[in-house]
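Below is one structure, written out as structure tokens; comments come after it.
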Amino acid sequence: MSCIIKTINLSRQFKSGHETVDALKDVNIEIQEGTLTMLRGRSGSGKTTLINLLGALDKPTKGYIYFGGEEITQLPEAKRDLLRRNKMGFVFQSIALMPLMSAYENVEFALRIAGYGKNRMKARVEECLSIVNLAGRMHHRPQELSGGEQQRVAIARAIAHRPKVIFADEPTAELDTGMGRQVIRLLKNLTGREGLTVVLTTHDPELLELADCVYTLEDGMITE
Ligand SMILES: Nc1ncnc2c1ncn2[C@@H]1O[C@H](COP(=O)(O)OP(=O)(O)OP(=O)(O)O)[C@@H](O)[C@H]1O
Ligand SMILES: [Mg+2]
């Protein structure tokens with residue numbers, strides 16, 4: 001197995017007024033390709049801050065981030081944009097599908113933005129919706145789907161352009177435990193099936209057993 005993400009002494013401070021918050025302090029982690037890694041910790045422990053840094057949505061105050069062997073810590077915005085668009089996919093807690101578009105159209109829209117070839121589009125949209133077991137719901141709009149089904153559409157949308165890594169910040173927070181488990185199982189299966197790496201944050205201790213690797217955060221630091 002090879003390491004796809006690595007951080008060295010990764011730190012992030014936030015300044016608001018006269019106060020400084022050390023949201024992350026000297027975080028050193030390694031994420032192996034093709035695995036499901038979970039970040040856990042109490043509210044305010046730094047999970048979102050860390051996942052945003054790994055996903056190149058934010059820049060650290062100190063330290064280094066490597067993605068696929070390349071240092072991405074201080075890449076200019078245009079390059080970070082490309083990196084996110086080509087190599088990464090994102091799933092969020094609030095599902096944020098386009099409300100007037102069907103499941104099919106939501107995934108197709110994301111592929112169009114990614115510049116996916118027109119003639120391959122239909123097959124890929126259908127394939128991704130089948131992977132998340134929604135072949136029978138393709139033409140439903142979000143409001144005609146359950147919460148878990150909506151989150152599965154969001155996953156289909158996130159994987160459609162074949163990213164290397166999916167980042168998911170509390171993807172199960174708005175689902176009951178049973179549905180949350182289904183969604184995590186699906187992400188776990190994707191790590192085998194599409195060779196994907198998945199990094200997610202969770203509050204739910206019952207879901208941790210599905211992880212290949214778990215990192216615990218406490219006050220911005222990794223504890224063992
Ligand atoms: N933009 C910001 N400005 C100032 N402080 C921030 C900012 N974003 C986060 N923080 C602080 O950094 C710390 C870590 O926040 P973070 O959102 O990473 O926690 P979390 O583990 O994701 O929490 P939760 O489980 O509630 O989502 C918190 O103390 C938070 O108040
Ligand atoms: Mg958070």
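It should be emphasised that the depicted structure is a prediction, and the values quoted were computed from it without experimental measurement. The chain is numbered in sequence order, starting from 1. Both counts, for ligands and for their atoms, begin at 1 and track the order of listing. For the numbers below, each heavy atom of this structure counts, side chains included, while hydrogens, waters and symmetry mates do not.
- Proximity of a side-chain donor or acceptor of Glu71 to a complementary backbone N or O of Tyr66 within less than 3.5 Å is not detected.
- Near His203, meaning under 4.0 Å from any of its heavy atoms, are these atoms of ligand 1: 25 (O).
- The shortest distance between side-chain heavy atoms of Ile31 and Leu54 falls below 4.5 Å.
- Of all atoms in ligand 1, listed by their number and element, those nearer than 4.0 Å to a heavy atom of Thr48 are 17 (O), 18 (O), 20 (P), 22 (O), 27 (O).
- Between Ser16 and ligand 1, a contact under 3.5 Å exists for no N or O pair.
- Electrostatic pairing of Glu144 and Arg141 does not count as a salt bridge here, judged by no charged N lying under 4.0 Å from a carboxylate O.
- Side-chain contact between Thr197 and Thr191 is absent, with no heavy atoms from C-beta onward closer than 4.5 Å.
- Of all the listed residues (Ala173, Gly44, Ser45), Gly44 holds the heavy atom that lies closest to atom 28 (C) of ligand 1.
- The nearest protein heavy atom to atom 10 (N) of ligand 1 is closer than 4.0 Å.
- Between Glu108 and Lys118, no side-chain nitrogen of the basic residue sits less than 4.0 Å from a carboxylate oxygen of the acidic one, so the salt-bridge criterion is not met.
- Under a 4.0 Å criterion applied to the non-hydrogen atoms of Thr49, ligand 1 contributes the atoms 14 (C), 15 (O), 16 (P), 18 (O).
- Atom SG of Cys3 and atom CD of Gln32 lie 5.5 Å apart (nearest 0.5 Å).
- Taking only nitrogen or oxygen atoms, main chain and side chain alike, Ala23 does not reach within less than 3.5 Å of ligand 1.
- In summary, Asp219 and Arg42 do not engage in a salt bridge, as defined by a charged side-chain N under 4.0 Å from a carboxylate O.
- Checking only distances, Phe14 never comes within under 3.5 Å of ligand 1, N or O to N or O.
- Ser43 OG, 2.6 Å is the protein heavy atom nearest to atom 26 (O) of ligand 1.
- For ligand 1, the atoms sitting less than 4.0 Å from at least one non-hydrogen atom of Glu170 are 25 (O), numbered in the order shown with element in parentheses.
- Looking at atom 25 (O) of ligand 1, its nearest protein heavy atom turns out to be Lys47 NZ, 2.7 Å.
- When non-hydrogen atoms are compared, ligand 1 lies under 4.0 Å from the backbone of Arg42 (N, CA, C, O) but not from its side chain.
- A salt bridge between Asp58 and Arg12 is present, with a side-chain N of the basic residue lying under 4.0 Å from a carboxylate O of the acidic one.
- A salt bridge links Lys122 with Glu126: the distance from a Lys NZ or Arg NE/NH1/NH2 to an Asp or Glu carboxylate oxygen falls below 4.0 Å.
- Listed by chain and number, Thr48 OG1 are the protein N/O/S atoms closer than 2.8 Å to the Mg ion (ligand 2), with waters left out.
- Closest protein heavy atom to atom 30 (C) of ligand 1: Val21 CG1, 4.8 Å.
- Salt-bridge formation is not detected for the pair Glu149/Arg152: no Lys NZ or Arg NE/NH1/NH2 atom is positioned less than 4.0 Å from an Asp or Glu carboxylate oxygen.
- Ion pairing between Asp81 and Arg84 holds under the 4.0 Å rule for side-chain N and carboxylate O.
- For atom 2 (C) of ligand 1, the nearest protein heavy atom lies under 4.0 Å away.
- Judged by distance alone, the side chain of Arg112 and the main-chain N or O of Met121 form no donor-acceptor pair under 3.5 Å.
- Ion pairing of Asp26 with Lys62 is present here, as a side-chain N (NZ or NE/NH1/NH2) and a carboxylate O approach within less than 4.0 Å.
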